[in-house]
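Numbered from 1 within each chain, the chains take letters A, B, ... in sequence-line order.
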2 protein chains.
Amino acid sequence: MSATKQRIFDVAVDLISQKGFNGVPVREIAGNVGIKVSSLYNHFQSKEDILTKIFDYYEAEIEKTMRSKEYLEKRIDRLSAQEFWEKGLLNFQAVTLKPLMQKISKIILLEMFRDERARDIALDVFFSRQQKIVETIFMLMQKKGLIKDNLDPRFLAMEYTYALLAMQFEYDILTNWNLATDKVRKKMFDHIKFISEYTKSAKGGENK
Amino acid sequence: MSATKQRIFDVAVDLISQKGFNGVPVREIAGNVGIKVSSLYNHFQSKEDILTKIFDYYEAEIEKTMRSKEYLEKRIDRLSAQEFWEKGLLNFQAVTLKPLMQKISKIILLEMFRDERARDIALDVFFSRQQKIVETIFMLMQKKGLIKDNLDPRFLAMEYTYALLAMQFEYDILTNWNLATDKVRKKMFDHIKFISEYTKSAKGGENK
DNA sequence: GTCTATAGAATGATAGAC
DNA sequence: GTCTATCATTCTATAGAC
């Protein structure tokens with residue numbers, strides 16, 4: 001991707017995440033890049049094409065992260081439960097809080113009621129995918145004896161991810177408007193601590 | 001509100017909830033109502049004015065519901081914990097799942113990153129308000145001895161509401177695209193059951 | 001790859017007749 | 001309150017010179 005194309009991409013992500021796809025004229029994108037509209041069309045086939053490339057990028061980045069998460073799954077043997085969840089949250093935020101990815105997440109939220117591609121990504125990345133991975137992690141932890149035997153990994157994954165997702169959602173609104181996020185960030189850690197302690201087996205507890 | 005004005009309002013809510021404010025031309029609203037654009041402007045000062053009236057309506061409806069929720073708080077004495085949470089969910093859904101209210105919720109989601117009013121409603125209704133009410137309910141239950149003494153009502157309210165909110169969010173996406181919602185609805189009830197059983201004191205447990 | 005110039009359609013909104 | 005007719009902008013996109 002050429003330097004100019006990259007700048008168009010970045011500017012488009014920035015503006016569309018603030019005003020929505022229909023709220024940003026190509027004029028405004030080109031203007032903020034410092035080129036004319038006709039030059040922009042030399043890099044992208046259409047306005048819609050820019051959005052497609054944004055979604056492509058997001059999916060590719062998520063795919064990369066998921067691979068590293070699976071790698072993390074295999075490293076679970078070397079970590080205590082507490083350590084693992086802390087690393088897990090940091091890993092989670094390392095992706096979702098990257099400025100560019102956070103902006104695209106917002107775009108997906110804005111477009112998912114009218115754009116099928118945005119809908120598919122939202123359902124996959126925000127809900128399904130994350131939950132399955134956490135479920136796998138709980139299963140592995142259970143095999144290791146780190147968490148109680150009588151708990152259902154799938155249910156735990158649900159409790160773990162849904163609340164975090166809503167908090168992440170609140171976090172996105174607050175950062176969008178430059179409002180304080182310390183309260184919601186504290187809630188995220190409180191939630192993780194709660195799940196961690198709720199699931200911890202007697203054996204796992206000794207590690208703390 | 002005249003019959004025509006009401007129809008404009010309903011059609012506008014319907015279309016804007018699907019395509020976003022910037023995605024719906026006034027022509028399309030007028031066309032679906034069966035009048036000309038110029039006639040539409042006889043009922044609303046501007047396109048923006050329609051959005052304002054939509055937000056006004058939403059806030060007024062929420063205000064009404066909240067009053068009935070406070071009434072519900074005072075009725076807690078007559079119900080068991082289990083009964084109370086079941087009624088609470090039904091009450092919650094009775095508002096949020098009303099077609100018109102559900103559509104406006106979607107509009108708020110779509111506009112909250114660019115419209116201050118939508119942002120304020122989102123932060124208030126989706127996050128702050130609901131949580132405070134649930135916190136009060138947990139406090140009252142604790143006083144009655146229905147839930148364990150050592151639990152923090154504020155934290156419980158957080159655990160209760162955030163997960164439900166994300167599930168409601170998923171529910172909105174699914175219904176928007178006519179996809180099956182039975183799985184996520186089951187999750188809602190599972191979550192409530194979990195919180196209900198997690199918090200239940202020995203005394204409260206006997207009621208079941 | 002960038003520009004100027006412009007096409008051609010769609011936009012929000014108004015004037016004024018009925 | 002509704003209509004026809006119209007305005008002034010704004011929109012996405014293209015042609016063709018440099």
Quick one: Phe44(A) CZ to dT2(C) C1', roughly how many Å, whole number? 16 Å

Are Glu59(A) and Arg117(A) ion-paired here, with the side-chain N under 4.0 Å from a carboxylate O? yes

Taking the side chain as every heavy atom from C-beta outward, state whether Ile16(A) and Leu110(A) have any pair of such atoms under 4.5 Å apart. no

Between Lys53(A) and Asp49(A), is there a salt bridge with N-O shorter than 4.0 Å? yes

Kindly state whether the ring of Phe9(B) and the ring of Tyr57(B) have centres lying under 6.0 angstrom apart. yes

Please report, rounded to the nearest Å, how far the P atom of dT10(D) is from the NZ atom of Lys47(B). 15 Å

Just checking, Lys148(B) and Tyr198(B): is the charged tip under 6.0 Å from the six-membered ring centre and within 45° of the axis? yes

Whole angstrom value for the distance that separates P of dG1(D) from CD of Gln45(B): 15 Å

Spacing between Met1(B) atom CE and dG1(D) atom P, to the nearest angstrom: 13 Å

Check every strand shown and say whether Ser2(A) touches a base, only sugar-phosphate, or nothing at a heavy-atom separation below 4.0 Å. nothing

Does the side chain of Gln6(A) pick up a donor-acceptor pair with the side chain of Asp10(A) at under 3.5 Å? yes

For residues 20-43 of chain A, which residues have at least one heavy atom under 4.0 Å from DNA chain C? Ile35(A), Lys36(A), Ser38(A), Ser39(A), Asn42(A), His43(A)

Once you round it to whole Å, what is the distance between C1' of dT12(D) and CD1 of Ile16(A)? 14 Å

